[in-house]
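Atoms within each ligand, like the ligands themselves, are counted from 1 in listed order. Since the structure is predicted, the reported quantities are computational estimates derived from the model, not experimental observations.
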Amino acid sequence: MATGMFLKSTPDATDLSAPESGGLSDFRRLHGESELTELTPIPCDVFVRYGQRFQKRYVGDVEPARVASVDRGPSAPGFVVGLDDGRQLTAAAVVVATGLNGLAYIPKELLRLAPEGAGAGALVSHTSHHSDLSRYAGQRIAVIGGGQSALESAALLHEAEAHVQVLVRERSVRWGSVPQPNRPWPQRLAQPASPWGRAGHSPRSAGHQAGCGGSRLLLFHRALGPSGGWWLRDRVEGVVPVRTSCRVTRAEASGSTARLELTGPGGSERLAVDHMLAATGYRLDIDALAFLAPALRRGVVRVPGSKAPRLTSTFETSVPGLYVTGSLAAPMFGPMMRFVAGTEYAAACVARDAARWVVAP
Ligand SMILES: Cc1cc2nc3c(=O)[nH]c(=O)nc-3n(C[C@H](O)[C@H](O)[C@H](O)COP(=O)(O)OP(=O)(O)OC[C@H]3O[C@@H](n4cnc5c(N)ncnc54)[C@H](O)[C@@H]3O)c2cc1C
């Protein structure tokens with residue numbers, strides 16, 4: 001997340017899973033920080049600080065290393081894990097919890113602008129490439145997408161004095177509704193508050209292992225679609241130009257300029273910008289995890305109609321001892337897996353089941 005971004009989830013929906021009180025509010029109280037309410041968007045750095053304190057308190061031993069490879073060990077079951085400093089470890093079980101890393105998606109018509117690879121210094125980048133958007137001050141930037149990443153990046157770019165416009169293919173931009181902490185009981189009954197909001201999503205629709213097969217995948221695609229946080233609206237609406245029903249149909253590099261062809265209700269038109277920021281989300285594709293050996297990946301059965309792994313009720317793939325959690329588990333367990341609020345269910349299931357791989361000394 002770029003500097004200056006806020007979490008979209010409310011404080012209640014941002015607690016990491018702990019066996020006792022270990023929520024965001026507990027840590028803030030413990031460290032003398034003011035209480036957060038539903039009406040206080042959480043700055044990214046507050047969440048990072050909470051995560052670090054949580055790790056010190058509950059996790060203990062953490063090795064700061066990048067995993068370069070995971071392959072089957074010489075005797076099955078078991079794995080060999082290669083680190084980028086050359087060390088090799090053996091493990092009876094591996095839990096892949098790498099989040100959205102490596103899964104960024106840029107449509108191929110935009111990728112043509114960066115044959116050498118997309119990134120902050122190229123004509124096109126993905127929102128995940130950035131930790132500071134102020135580098136684009138004074139430049140013409142097109143942001144592609146209509147979700148939180150697009151809208152918040154556009155606000156930050158505008159505030160950094162870039163000339164930004166947002167190109168949204170949907171007919172309109174959706175915004176979250178302002179929380180109402182003291183709603184009357186009939187309203188609370190009809191639309192109960194939950195970690196994923198109350199904007200027409202029933203707990204079941206965002207819940208765990210809801211439905212089966214095709215209906216589960218449909219739910220994954222439909223529930224919790226792109227929208228902007230309520231607190232962001234004033235920084236975008238009437239401030240940053242947003243074109244809806246607008247698709248980029250062609251993009252060409254011309255020196256240091258990106259020349260775009262846009263198609264909208266009024267026909268096509270051209271636009272020249274210095275940079276395109278793709279806020280086009282992530283693809284849940286297990287093959288994008290290059291650190292998993294190809295043979296291992298081939299052994300992972302997929303959810304029909306997707307490239308995400310099929311998982312047991314304890315998040316184990318079809319390769320015994322290989323678990324996958326986080327976003328890649330969402331097609332099986334529901335959209336909640338994309339959020340912090342999903343960790344309580346996932347962590348408990350994985351920890352209970354993975355304990356069977358621990359060999360007694
Ligand atoms: C812009 C943005 C805003 C978001 N806002 C919210 C929000 O408001 N609320 C919410 O609940 N969720 C939000 N999310 C979703 C958020 O990413 C997840 O909820 C949460 O971070 C997922 O946790 P995770 O542990 O699965 O993955 P991450 O938090 O992404 O953690 C993955 C970890 O794996 C490590 N890793 C990756 N590859 C390797 C490797 N090869 N070797 C070693 N380590 C590796 C990474 O360094 C990282 O530490 C947001 C996501 C984005 C992109």
Inset, instruction - Show your working on side-chain contact (heavy atoms from CB on, under 4.5 Å) between Asp71 and Phe79 and close with a plain yes or no. - result: CA-CA 6 Å; Asp71 207 347; Phe79 303 90; over 6 Å; no

Inset, instruction - Let me know which protein residues bring a heavy atom to under 4.0 Å of ligand 1; chain then number is fine for ordering. - result: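 Residues near ligand 1: Met1, Leu7, Lys8, Ser9, Ala65, Arg66, Val67, Ala97, Thr98, Gly99, Leu100, Asn101, Ser149, Tyr282, Phe291, Gly326, Arg338, Phe339, Val340.
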
Inset, instruction - Answer yes or no for Arg283 and Tyr105: cation-pi contact, defined as NZ/CZ to six-membered ring centre under 6.0 Å and angle to ring axis within 45°. - result: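 The answer is yes; both the distance and angle limits are met.
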
Legend entry - Electrostatic pair Glu269-Arg259, nearest N-O below 4.0 angstrom: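 No.
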
Legend entry - Glu261 bridged to Arg270 by N-O distance under 4.0 Å: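 Yes, Glu261 and Arg270 are salt-bridged.
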
Inset, instruction - Check the side chains of Thr257 and Ser254 for a donor-acceptor pair under 3.5 angstrom, ignoring hydrogens and angles. - result: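 The answer is no; no qualifying pair exists.
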
Inset, instruction - Would you confirm whether Asp26, through its side chain, and Gly22, through its main-chain N or O, come within 3.5 Å as a donor-acceptor pair? - result: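 Looks like yes, one N/O pair under 3.5 Å.
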
